Amino acid sequence: MKMIYILFVFALVSFTSHASVNDFCVADLKGPDSPSGYQCKPPNTVTVDDFVYTGFVAGNTTNTFNAALTSAFVTDFPGVNGLGVSAARLDIAKGGSIPMHTHPGATELLIMVEGQITAGFMTPTALYQKTLKPGDIMVFPQGQLHFQVNSGMGKATAFLAFSSANPGAQLLDLLLFGNSLPSELVAQTTFLDVPQVKKLKPRFGGRG
């Protein structure tokens, strides 16, 4: 377990290799976000608490996916602003999953801590899939469609490191069924039956 924590810290440090070692820009979350990040807080208002995240604990997995992500992104952790790094904790209950999704702004590193997760990503020409156990690490290149499924007999936990303070996420299920497009149109573009689409839309907050 100690080695897993060391690897997690090493991953975060590695992602910051392109950041200046003599400068920082703690996010002023009251201002607007931009492609380059948030504006900096005035230096005289910065405190040590801006560089410490408290609450990296298991989240509530009672939901559609039976999974929880505890994020330490810039909106949770202002000190990572502009440093090209963030983290998250992933907890997946038995039978749960993180469905197909992408991170448009970051590469993801998954470090297994507990249980068993079958994970993978795909390109137009290949599928890369592996069942991971504690001590295993898997990388998901930026923008690649990927997934994580609890394939064990109990809960599963992993730490995640990202190469961006705000990696973003686009979940395929939410994009397909959490919208207001007519069900008939969604069915046409996905080759699903209209009744199937109408059943899924309410589950993901969609209408139409």
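Starting from 1, each residue takes its place in the sequence as its number. Values in this document were obtained by computation on a predicted structure and should not be read as measured data.
- Between T61 and N66, the side chains place no donor N or O within less than 3.5 Å of an acceptor N or O (distance only, hydrogens not considered).
- With hydrophobic clusters built from ILVMFWY side chains whose heavy atoms lie under 4.5 angstrom apart, M122 shares a cluster with L172.
- Counting only heavy atoms from C-beta outward, the side chains of F77 and V85 never approach each other to under 4.5 Å.
- L145 places none of its side-chain heavy atoms less than 4.5 Å from the side chain of F121.
- The shortest side-chain heavy-atom distance between L160 and L109 does not fall under the 4.5 Å cut-off.
- A donor-acceptor pair under 3.5 Å is absent between the side-chain atoms of T157 and the main chain of E114, judged by distance alone.
- Residues S151 and T131 bring no donor and acceptor atom of their side chains to less than 3.5 Å of each other.
- Side-chain contact between S97 and F147: absent, with no pair of heavy atoms (C-beta onward) separated by less than 4.5 Å.
- Of the possible polar contacts, one joining the N150 side chain to the I92 backbone as a donor-acceptor pair under 3.5 Å is found.
- When all heavy atoms of G152 and K94 are compared, the pair lying nearest together is O-CG, 4.3 Å.
- Shortest non-hydrogen contact noted between A58 and T70 is C-OG1, 4.2 Å.
- Q129 has its side chain within reach of T118: a pair of non-hydrogen atoms, C-beta onward, lies under 4.5 Å apart.
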message: T64 vs R203, test: side chain to side chain contact (heavy atoms under 4.5 Å, CB included). Steps then yes/no.
response: CA-CA 8 Å; T64 298; R203 185 174 183 181; 3.3 Å; yes
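- Tracing side-chain contacts under 4.5 Å through hydrophobic residues (I, L, V, M, F, W, Y), one never reaches I137 starting from V149; they form parts of separate clusters.
- Looking only at side-chain heavy atoms (C-beta outward), D50 and F24 stay at 4.5 Å or farther from each other.
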Assess the residue pair Y38 and V74 against the criterion (side chain to side chain contact (heavy atoms under 4.5 Å, CB included)); give the C-alpha distance rounded to whole Å, side-chain angles, the decisive distance to 0.1 Å, and a yes or no. CA-CA 9 Å; Y38 286 90; V74 66; 3.8 Å; yes
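- Hydrophobic clustering (side-chain heavy atoms under 4.5 Å, transitive across Ile, Leu, Val, Met, Phe, Trp, Tyr) groups V197 together with L171.
- Between the K201 side chain and the R207 main chain, a donor and an acceptor come within less than 3.5 Å of each other.
- The shortest side-chain heavy-atom distance between D76 and Y53 falls under the 4.5 Å cut-off.
- Side-chain atoms of L176 and F204, non-hydrogen and from C-beta on, never get closer than 4.5 Å to each other.
- Contact between F56 and A72 at its shortest, heavy atoms only, is CE1-CB, 4.3 Å.
- The distance from atom CD1 of I117 to atom CG of D136, rounded to the nearest 0.5 Å, is 10.5 Å.
- Distance alone, capped at 3.5 Å, is enough to place a donor-acceptor pair between the S86 side chain and the S164 backbone.
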Item to complete: Given side chain to side chain contact (heavy atoms under 4.5 Å, CB included), test V46 with F51 step by step and report yes or no.
Response: CA-CA 9 Å; V46 174; F51 302 101; 3.6 Å; yes
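- Cluster annotation: M100 is not connected to I98 through the hydrophobic network of ILVMFWY side chains, with a link wherever side-chain heavy atoms come within less than 4.5 Å.
- Expressed to the nearest 0.5 Å, how far CD of Q144 lies from OG1 of T102 amounts to 9.5 Å.
- Remark: aromatic rings of F162 and F73 are close, center separation under 6.0 Å.
- Side-chain atoms of T190 come within 3.5 Å of backbone N or O of V186 as a donor-acceptor pair.
- Within the 3.5 Å criterion, the main-chain N or O of P195 finds no donor-acceptor partner in the side chain of D193.
- Between the CG atom of D28 and the OG1 atom of T45 there is a distance of 7.5 Å, given to the nearest 0.5 Å.
- Of the possible donor and acceptor atoms, one in the side chain of H101 sits under 3.5 Å from a partner among the backbone N and O of H146.
- The backbone N or O of C25 sits less than 3.5 Å from a side-chain atom of N81, completing a donor-acceptor pair.
- For the pair D173 (side chain) and F177 (backbone), a donor-acceptor distance under 3.5 Å is absent.
- Heavy-atom minimum distance, P78 versus L29: CG-CD1, 3.9 Å.
- Taking a 6.0 Å sphere around CD of Q142, one finds it holds more than 12 heavy atoms contributed by other residues, nucleotides or ligands.
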Query raised in the report: What's the verdict on side chain to side chain contact (heavy atoms under 4.5 Å, CB included) for L110 and F159, showing C-alpha distance, side-chain angles and the deciding distance?
Result: CA-CA 6 Å; L110 182 151; F159 292 152; over 6 Å; no
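- Using a 4.0 Å cut-off between charged side-chain N and carboxylate O, K155 and D91 make no salt bridge.
- Judged purely by distance below 3.5 Å, without hydrogens or angles, the side chains of Q148 and E108 pair a donor atom with an acceptor atom.
- The shortest non-hydrogen separation linking A187 to L192 is CB-O, 3.2 Å.
- Side-chain N or O atoms of N63 include one that pairs as donor or acceptor with a backbone N or O of A67 at under 3.5 Å.
- Here S71 contributes atom OG and L90 contributes atom CG; the two are 12.0 Å apart, rounded to the nearest 0.5 Å.
- Separation of atoms CG (L181) and OG1 (T189) is listed at 7.5 Å; rounding is to 0.5 Å.
- Between A88 and L69, the shortest heavy-atom contact is CB-CD1, 3.7 Å.
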